[in-house]
Amino acid sequence: MTAITFIHPDGRSDRVEASEGESAMLAATRHGLVGILAECGGNAMCATCHVYIDDGWLARLPPMADEEDALLDGTACDRLPGSRLSCQIKITLELDGLVLRLPERQV
Amino acid sequence: MSALGSSSTTSAVPHLDIDPFAIEFFADPFPTHEVLREAGPVVYLDKWNVYGVARYVEVHAVLNDPMTFCSSRGVGLSDFKKEKPWRPPSLILEADPPAHTRTRAVLSRVLSPSVMKQVRDGFTAAAEARVDALLDKRSFDAIEDLAEAYPLSVFPDALGLKAEGREHLLPYASLVFNAFGPPNQLRQKAIERSAPHQAYIAEQCQRENLAPSGFGACIHARVDEGEITAAEAPLLVRSLLSAGLDTTVNGLGAAIYCLARFPDQWQLLRDNPTLARNAFEEAVRFESPIQTFFRTTTREVELGGALVGEGEKILMFLGAANRDPRRWDKPDSYDINRRTSGHVGFGSGIHMCVGQLVARLEGEVMLSALVRRVAKIEITGEPKRRFNNTLRGLDSLPVAITPA
């Protein structure tokens, strides 16, 4: 199990246990986390599981595919350099302690 | 197959005498969905000689393994390897990777979240205007005057279609979805009458007939970038004409029917109009406007403990999976607060509905406009069902609304 932390816009945080191989989005929705919508269910089609990631962690993630890059141009909240879609972040043991910041809204 | 010859880890597949394309089935599919789910993870339907999956896990698994469960042999009953398709196959719906990957990318970008941001204001204004017009009438048919009228007022324009001939759009879509079914009366009749609709569609898909800024023109523009050929572009426009209208009509119809039938949920929506988008999404789960699609096996495969040979058609009951109690809490309740993520009403995997963002946008802005202006929706007459081999929806839903 890998622990990942979601930080809400108001500063509250939720720590969830993620299984290796599942996406950060799935870990969030499995735990009923408010703030990740994932309308398309993890198919990289809707941009409603947007998260912001700080530089340190961002550098440790595999680079994004073109598909994700294009979707991020349509997020409800501004795209920032640390923007990613959490359905495209596959959890590995090395990501233990990962911190993901949630945007104000997803749609 | 002898018991000795079969693998010890695979189990027998129950054979069922069910016709999931019969009018009696369409009238009330839910009890039969339960029979299909409870019979086993995989069933065999003798009526049409196909396998069926009705539980969430197996439906999701089939949708997400497109190389084993292919689409290029048709996503209806007809096997394109054995039968000539009734129309040239779709370059996206009836295609597998790698061919599918390129065409899919084009449509994904044409209907992307950023494009939805651009059309949002126009779609919202049209929804508000429609609700204002309905408030003047007070009593109307929620299917023709709302579920059909609203998408017809925004989608053909967004595509860039000419004003003339739009009356062919819904009959063409209905034909496409009937044609996925078996050679029953619904399919045969639809195809017999298809010529004028097909001629209109073929004409509309041409570059010179599409307004310069619409979705259609955006598809043709990809030809200039070398992403698709000039011969492919019209067929990709055809996909939007086939799947972009009747689906949202039935999605909206489902949402209005749910909110009119379940006043407690309407009240919840009135108390919190930001739930509009989820109220629409939950209606898509609850009614599953697209009930079924087929896949064809490309090899022998074990599915849900059963061994399925190569070249077999598998019918996926999306509507049954969306109400599988193994996956959903109180599956037969329409609950606008439900976490709907993961439902298969739009499919799943690489073929998941490419227009899902358009559908959600239309659903959200229409329900928002309604709930902000309308206090009450009452059903005033017997709703009539419309029968189609793939689509579930109503033909008419008489309602009366009270202003807020």
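Treat the numbers as computed from the prediction; the structure is a model and nothing was measured. Letters A, B, ... are given to chains in the order of the sequence lines, protein chains preceding strands, and every chain is numbered from 1.
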In terms of heavy-atom pairs under 4.5 Å, which option from A/T48, A/L26, A/L72, A/T29 contacts chain B the most?
A/T29
Checking B/R120 against chain A: side chain, backbone, both or neither under 4.5 Å from a heavy atom?
neither
Does A/E68 have more than 12 heavy atoms from other residues, nucleotides or ligands lying within 6.0 Å of its CD?
yes
Distance (rounded to the nearest 0.5 Å) between A/N43 CG and B/N64 CG:
6.0 Å
Restricting to salt bridge (charged side-chain N to carboxylate O under 4.0 Å, His left out), what partner residues turn up for B/R372, sequence neighbours left out?
none
Shortest non-hydrogen contact from B/P113 to A/G74?
CB-O, 3.5 Å
Answer yes or no: is there a donor N or O on one side and an acceptor on the other, between the side chain of B/R360 and the main chain of A/C46, under 3.5 Å?
no
Are side-chain heavy atoms of A/M45 and B/S108 found at a separation under 4.5 Å?
no
Ignoring hydrogens, what is the shortest heavy-atom contact between B/S341 and A/L37? Give both atom names and the distance.
CB-O, 3.8 Å
Are the side chain of B/R339 and the backbone N or O of A/G32 linked by a donor-acceptor pair below 3.5 Å?
yes
CD (A/E67) and OG1 (B/T101) are apart, to the nearest 0.5 Å, by 9.5 Å
Where is the tightest heavy-atom contact between B/K117 and A/D73, given as atom of each residue plus distance?
NZ-O, 4.2 Å
Contact winner vs chain A - B/M116, B/H343, B/Q356, B/E281, heavy-atom pairs under 4.5 Å
B/Q356
Nearest heavy-atom contact between B/R277 and A/V107 is NE-CG1, 3.3 Å
Tell me, side chain or backbone of B/S348 under 4.5 Å from chain A's heavy atoms, or both, or neither?
both
Quick check on A/D66: does its CG atom have over 12 non-hydrogen neighbours (other residues, nucleotides or ligands) under 6.0 Å away?
no
Got more than 12 heavy atoms from elsewhere within 6.0 Å of CZ, A/R101?
no
Segment of B/N278 engaging chain A (4.5 angstrom heavy-atom cut-off)
neither
